[in-house]
Student: 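My structure is below; once you've seen it, I'll send some questions.
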Amino acid sequence: MLPGGVLKVGSFLNQQIDTVFLKEMAKEAGRLFAGRPVTKVLTVEASGIAFATAVALELGVPMVFAKKHPSANVSGEQYYAPVYSFTHKTTYIISVSREYLKREDKVLITDDFLANGNALKGLISIVDQAGAEVVGCCAEIEKGFQGGGDELRGRGYKVESLAIVEKMEDGKIEFRR
Ligand code: 5GP
């Protein structure tokens with residue numbers, strides 16, 4: 001645990017990646033969304049990419065990631081959304097090329113963490129701009145006490161997190177059951 005309610009998972013999920021565990025997490029995500037047609041998995045760079053790729057591989061569909069910074073490699077029209085970053089305390093304009101999201105797409109949005117829900121809300125806005133459908137959202141870890149997941153569930157989205165941390169206090173972590 002780091003100050004400010006940040007959970008450090010660099011040893012297995014954010015910087016060093018436990019690939020065997022990642023495969024198991026992707027399988028579980030596939031099980032949670034079984035029976036729902038998904039044509040694309042969407043996330044935001046950089047820390048969302050590993051999980052999104054593993055889930056997309058499990059489902060046999062492409063993975064698309066939103067960029068956080070303007071890039072010289074990108075051409076053509078983009079969808080844009082502002083996202084306030086919980087960890088960096090700054091607002092990014094995320095973007096996805098219009099080429100990669102179409103009206104007929106059914107999109108599963110994934111991320112490493114779900115905290116206040118700003119990253120997912122930005123990605124939902126991008127799917128909406130494309131006129132595509134949000135099938136649901138899946139995070140590796142949700143910090144339930146920050147409320148973003150429950151807010152999105154309240155709006156009718158299917159939000160599944162592989163672990164929900166309810167409380168982080170005095171060096172102890174409590175999970176939602
Ligand atoms: P939200 O937008 O839901 O507030 O926060 C989600 C984003 O912030 C994720 O993309 C993730 O990269 C980052 N994040 C939020 N909380 C944590 C945390 O406790 N630990 C780490 N490593 N990243 C976090």
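We number each residue from 1, following the sequence as shown. As the structure lists them, so they are numbered: ligands from 1, and atoms in each ligand from 1.
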Student: Given the rule that I, L, V, M, F, W and Y join up when any side-chain heavy atoms are under 4.5 Å apart, are Leu114 and Met1 in one cluster?
Tutor: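 No, separate clusters.
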Student: Identify the heavy atoms of Leu59 and Leu108 that sit nearest to each other, and give their distance.
Tutor: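 Scanning both residues, the minimum pair turns out to be CD1-CD2, 4.0 Å.
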Student: Looking at ligand 1, does any of its N/O atoms fall within less than 3.5 Å of an N/O of Asn116?
Tutor: yes
Student: Within ligand 1, which atoms have a heavy atom of Val6 less than 4.0 Å away?
Tutor: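 The list of qualifying atoms is 18 (C), 19 (O), 20 (N).
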Student: Backbone or side chain, does any N or O of Val9 fall under 3.5 Å from an N or O of ligand 1?
Tutor: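 By distance alone, the answer is no.
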Student: Does any N or O atom in Asn118 lie less than 3.5 angstrom from one in ligand 1, N or O only?
Tutor: yes
Student: Taking 4.0 angstrom as the limit and counting only heavy atoms of Phe86, give me the atoms of ligand 1 inside it, by number and element.
Tutor: 4 (O), 15 (C), 16 (N)
Student: Say whether Asp111, considering both its backbone and side-chain N or O atoms, lies within less than 3.5 Å of an N or O atom on ligand 1.
Tutor: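 Right, the criterion is met.
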Student: So, does Gly148 sit close enough to ligand 1 that a heavy atom of it is under 4.0 Å from the ligand?
Tutor: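 No, that is not the case, since the closest heavy atom of the residue is not under 4.0 Å from the ligand.
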Student: Would you find more than 12 non-hydrogen atoms of other residues, nucleotides or ligands less than 6.0 Å from Phe21 atom CZ?
Tutor: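 Result for CZ/Phe21: open.
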Student: If you measure every N/O of Leu120 against every N/O of ligand 1, is any gap under 3.5 Å?
Tutor: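 No, since none of the N or O atoms of Leu120 sits under 3.5 Å from an N or O of ligand 1.
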Student: For ligand 1, which is the ligand I care about here, please tell me if Leu7 has any N or O atom under 3.5 Å from one of the ligand's N or O atoms.
Tutor: yes
Student: Would Lys158 pass as a cation-pi partner of Phe33, given that its NZ or CZ must be under 6.0 Å from the six-membered ring centre and within 45 degrees of the axis?
Tutor: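 Yes, Lys158 and Phe33 form such a contact.
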Student: Closer than 4.0 angstrom: is that true for some heavy atom of Gly48 and an atom of ligand 1?
Tutor: no
Student: Kindly confirm or rule out a cation-pi arrangement of Lys89 over Phe86, judged by NZ or CZ under 6.0 Å from the six-membered ring centre and within 45° of its axis?
Tutor: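 Checked: cation-pi criterion met.
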Student: Looking at ligand 1, is there an atom of it that comes within less than 4.0 Å of some heavy atom belonging to Ala139?
Tutor: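 It does not, in that no heavy atom of Ala139 comes within the 4.0 Å cut-off of ligand 1.
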